[in-house]
K.L.:
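My questions will all concern the structure given below.
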Amino acid sequence: MVPPVSYKDCNSALNKVFFDGRFAGQPVYLTLDNDMREEVGKHLRVEPDLVEAVICQRVGQWLDRRGNPYETTVDAVELWRRVGMKSQPLFTAILFCLSHAASIMAAEEDFAANNYYLRLAQVTGIERQRLSQHGKSTDMLWSALRDWLVLNNYGFGKPTAVAATTWKYVGKAMSQAVVRAGDRELFHDLFGRYGFSGSEIISLKEMEFYLSYWIIGGRANSRLKNVWSKPELRERVAEAALAELSKWSSSGPGTMGSRPSTGSSRLSMLANFVQRFPRQLLELHLGRIASEEASGPFKTEGGSQEFSLSSDRFGGYSTLAPSPLVASIGHRCHLVPASPGLRPLDWQPRLVIPLAKSAQDNLWVEVAKVSFGIPHVLLVRDAHGLPGKVESYLAIAAMKMPEKASPSDLPGLPLGWILYKDVQVRQPGMVPSDDLECLVPWSNDGVLSIGEGLQLLPGFYHASRPVMAEFLATEGPTRVEAWTQDESPRLIAWADGGGNTCSLRLDAARLRFPRGIKVKAYQDGSEQASAELYFRDSNSPHPLNRDNKGRLAYRSVVSATAIRDDASGIAVSGMEPSEAVPSRTGFPMETAGPLPDGVVEEMQVPVVAAALQRQASAETCIERGYHYWICETLPPGRPRNTPLEQRCNGCGAMVIILHRGTHQAGVLPPLPIPISRLSQPASPHANAIDANELLDALCFLGCGNWGKFQALAGLGNDPTSTSARQVAQDFFLLGFLDTELSPGSSAIKSWCVPRATINFIDDRRAFLSGFRSPNLLDAIKRATKQHAGRVFEEDLPGRPRMILLDGLDATSAKSAFSGLKDPLEREIAINDRPGDKLAGACQKLESIASSLRQVSIGRPKSLQKFDVPKARWIDAGLASRAGAYRWNEGYQVYAYVAPNGTAWAGSYQVVKLLAARAEGVSLWQYSEAQASFRATLGCDPPGLLGRVLVACSGLLPTLGRGIISYSNIGPTVASSVMSALSMENFDEGDHRRSQSG
């Protein structure tokens, strides 16, 4: 028996599954897979196999019984629009019902509008004629859902409803159901089989090429085969495959070549160009898109060397450390977990490895095949004349000749390999040998790229900077247009190009249309490509996740952690502790003697311990420089351009080729255009950032990983540079960011922006921290002036504009800002004496010791020991004595070795602190007369202790000669900080108890 369920119950249950943030930035389809169906069933207390029937029945009862079935809903949607679409959609269940009817029709393989309305009438109990007559109203509901998803910056998912041309009002529901949820997972076999990394830029036409072979080759189920047999639906299948690729990560199981690797995670090669002067460096890593999975340890089969996956270096990708690619990239890497519960890791080398620029990090990521016109990096095996063949091919296929580097030109490039940079190719008049098939794009479709600007999310750009839309085609004339996306689209900008390129500069500040703009690119009058662009700032921020995903709070002094609804006890967010705790007083101040002069802490250049040992596998292809291809024959009766699969009998690599009926390109020396050597970076210059723009971008996003912060800060991916980390540290100290560190390290794992807080440092003065937006600042200024206060703004180097309030006290401020909320509906917090409050809270949080984790140091080549009296790192052969150590074998590690020989990894501040305490050397001083707290540079107080000191003034510390100084520090705050720094009772037992608690 089905329990009583209302329409609102059904709508709420579907919203919880579709729009709880799990599909943030990913395509969201209004159909259920088995897990989602079970989840909805639990919400409704309905058996999973009855979910669709119950919901459709309630929808039928909810719709109007006369006239337009959707009239009442459409009226409610119009009201919902007028009040800003702040709540979740009230019509999700109706759209789900429309999609389910399309699913039934698709299952019957009878694609026709009449059949659709017949199935919709059956599931709702409403007459087919009325449903068909008022189908236009459903189009309004789909448009409303799209606008809501756009308004929330794809924080709840990306719209996927696309109308097919032959079904005007049925098409959007059809687009949800042509490929079912279970069918979409089958595409993972295609992605893994042909070496996709998830970073490919593939057009619909190119995806159709892959699908045509994959489906015809018998690897799809009967439903997909039947849908594919209908030409009018192939575009929908390709769209579904592209949507699945956009959210697919290479951490999922797939296939490598002809050998199934079920249960394995496929790794991709990552290349990072480190800009040093006078020569740039190349870093090669193996990694995958970062996930929440445990990260190791892993070992080679039969080997003892351990590897781990870490996202410390590049936030969007987890990389193997130590890197196995130091000496050779010609050996297969297969790693098995050293503990249960993890998947094996696998990477297979290739003779030619194309890499494309990642959308989420400043990295080049291995891809299966090049795409027309997109810049690539190529790594080519220097054997059997292969570089000569590549260069001959590029002479006829490249749009311009790339730069070339050998290992002597580019440190980090392994011996036996050649690198080509900025490779852009078209389909050639003559095809290359099969070994170079990955260098032939599927098509010459024009490429529309968006450059410059500050990208916040895919398709979303900050409104402070202009962007450049650039179109590249095989020939001209070309044209680029920008259109509004309102009910009556209008042309707002355009540019014409007589040749095969055309550029259109767009002023983002003038294009803040809520529904965004659409950029269209034309070749000889025919539309070839398009892109939707949205321009945002912190006035319309990304929505907060309903389950607090990405939100952080401090329950320990050193690092924030994810907010848990069931957590109890004191916590700190921004400048606010969750409860008041009196600060400690009376702790003895250490002022005797001068402090050691320190230096800014800089990361080491990675030094990899050893190359990955050769494993027993089919590696001869890479060593000899060519493959043994087994070619599939063209089945009788098939067209000559039917895609065919080729497999190497040696290494198992697979490619799909087309018989193009063209001649094969041979070696054609001399080259008509010479290839220049790799250019070197210009002389070093300071990386200047716009701190106000960066803060606004961070406030828009609300939270993110370390890679996203680096991308927004625009400071590159040089892991040894302190620039990005120093900016993040300054934002943290000022209360604009809360940061989560990777366990036992100094590496920032994630960050979030706390709510806006007005912090009173004395009876009449306050500074603003946390979230800010232009509209919120204007509201704060008006409210301050209305209550006889004043607002001062001060631009200080390297930090966001300081906002100071004067003339109000904490009590009057509560009245002045009562009811004032930020765009995310959070109230403004009033915080009196934040330094005292944070100092008290630190006494109740988990101690500094809780941030440590036990490690084994081994014999790293880059090992250094911290000389406490001199405050310098010095080279060390072995960690044979107690003290602070550091090393870098792919990512930076700091550790304290206790007198009993155990090693504990932590942030650099904490391990230096432990070493100084063990040697009886003070790295901190306090002067009550000057209200100043001083520390040795590079030994600044860790975690919240630094924020406690900054909260007393709202100012960053000043840097002197080897010393860092904090101002306006009272004795109570200083006493609390000194007490926390003393760590008098630290021992391993206390640490283990704090970790287990």
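All values reported here derive from a predicted model rather than from experimental measurement.
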K.L.:
Mind checking the CG-OG spacing from Leu595 to Ser922? Nearest 0.5 Å is all I need.
P.N.:
6.0 Å
K.L.:
Verify the neighbour count for atom CZ of Arg765: are there more than 12 heavy atoms of other residues, nucleotides or ligands below 6.0 Å?
P.N.:
no
K.L.:
Do the side chains of Glu579 and Lys844 get close enough for a salt bridge, i.e. N-O under 4.0 angstrom?
P.N.:
no
K.L.:
Pick from Glu601, Gln909, Lys912: which one makes a side-chain hydrogen bond (donor to acceptor under 3.5 Å, both in side chains) with Tyr894?
P.N.:
Glu601
K.L.:
Measure the CD1-CG distance between Ile689 and Leu694 for me, rounded to the nearest 0.5 Å.
P.N.:
5.0 Å
K.L.:
Let me have the donor-acceptor pairs involving side chains of residues 945-961, under 3.5 Å, with sequence neighbours excluded, atom names and distances please.
P.N.:
residue, atom, partner, partner atom, Å
Arg947, NE, Phe732, O, 2.9
Arg947, NH1, Gly574, O, 2.6
Arg947, NH1, Asp738, OD1, 2.9
Arg947, NH2, Phe732, O, 2.9
Arg947, NH2, Leu737, O, 2.6
Arg947, NH2, Asp738, OD1, 3.0
Ser953, OG, Leu955, N, 3.1

K.L.:
I'd like to know if the side chain of Thr757 pairs up with that of Asn831 as donor and acceptor (distance under 3.5 Å, no hydrogens or angles considered).
P.N.:
no
K.L.:
Would the distance check show the side chain of Asp696 and the main-chain N or O of Asn692 forming a donor-acceptor pair, the cut-off being under 3.5 Å?
P.N.:
no
K.L.:
When rounded to the nearest 0.5 angstrom, what is the spacing between CG in Asn539 and CG in Asn775?
P.N.:
3.5 Å
K.L.:
Taking the six-membered ring for Trp, are Phe460 and Tyr534 parallel (under 30°), tilted (30 to 60°) or perpendicular (over 60°)?
P.N.:
parallel
K.L.:
Does any pair with a residue in residues 787-799 pass salt bridge (charged side-chain N to carboxylate O under 4.0 Å, His left out), and if so which ones, sequence neighbours excluded?
P.N.:
Lys781-Glu793, Arg790-Asp806, Glu793-Arg801, Asp795-Arg801
K.L.:
Ring-plane angle category for Trp751 and Phe709, please: parallel below 30°, perpendicular beyond 60°, tilted otherwise.
P.N.:
perpendicular
K.L.:
When you measure from the side chain of Tyr926 to the backbone N and O of Ile969, does any donor-acceptor pair fall under 3.5 Å?
P.N.:
yes
K.L.:
Between the side chains of Ser976 and Gln843, does any donor sit under 3.5 Å from an acceptor?
P.N.:
yes
K.L.:
Might you work through the salt bridge (charged side-chain N to carboxylate O under 4.0 Å, His left out) test for Arg833 and Asp763, ending with a clear yes or no?
P.N.:
CA-CA 9 Å; Arg833 303 298 195 278; Asp763 291 340; 2.9 Å; yes
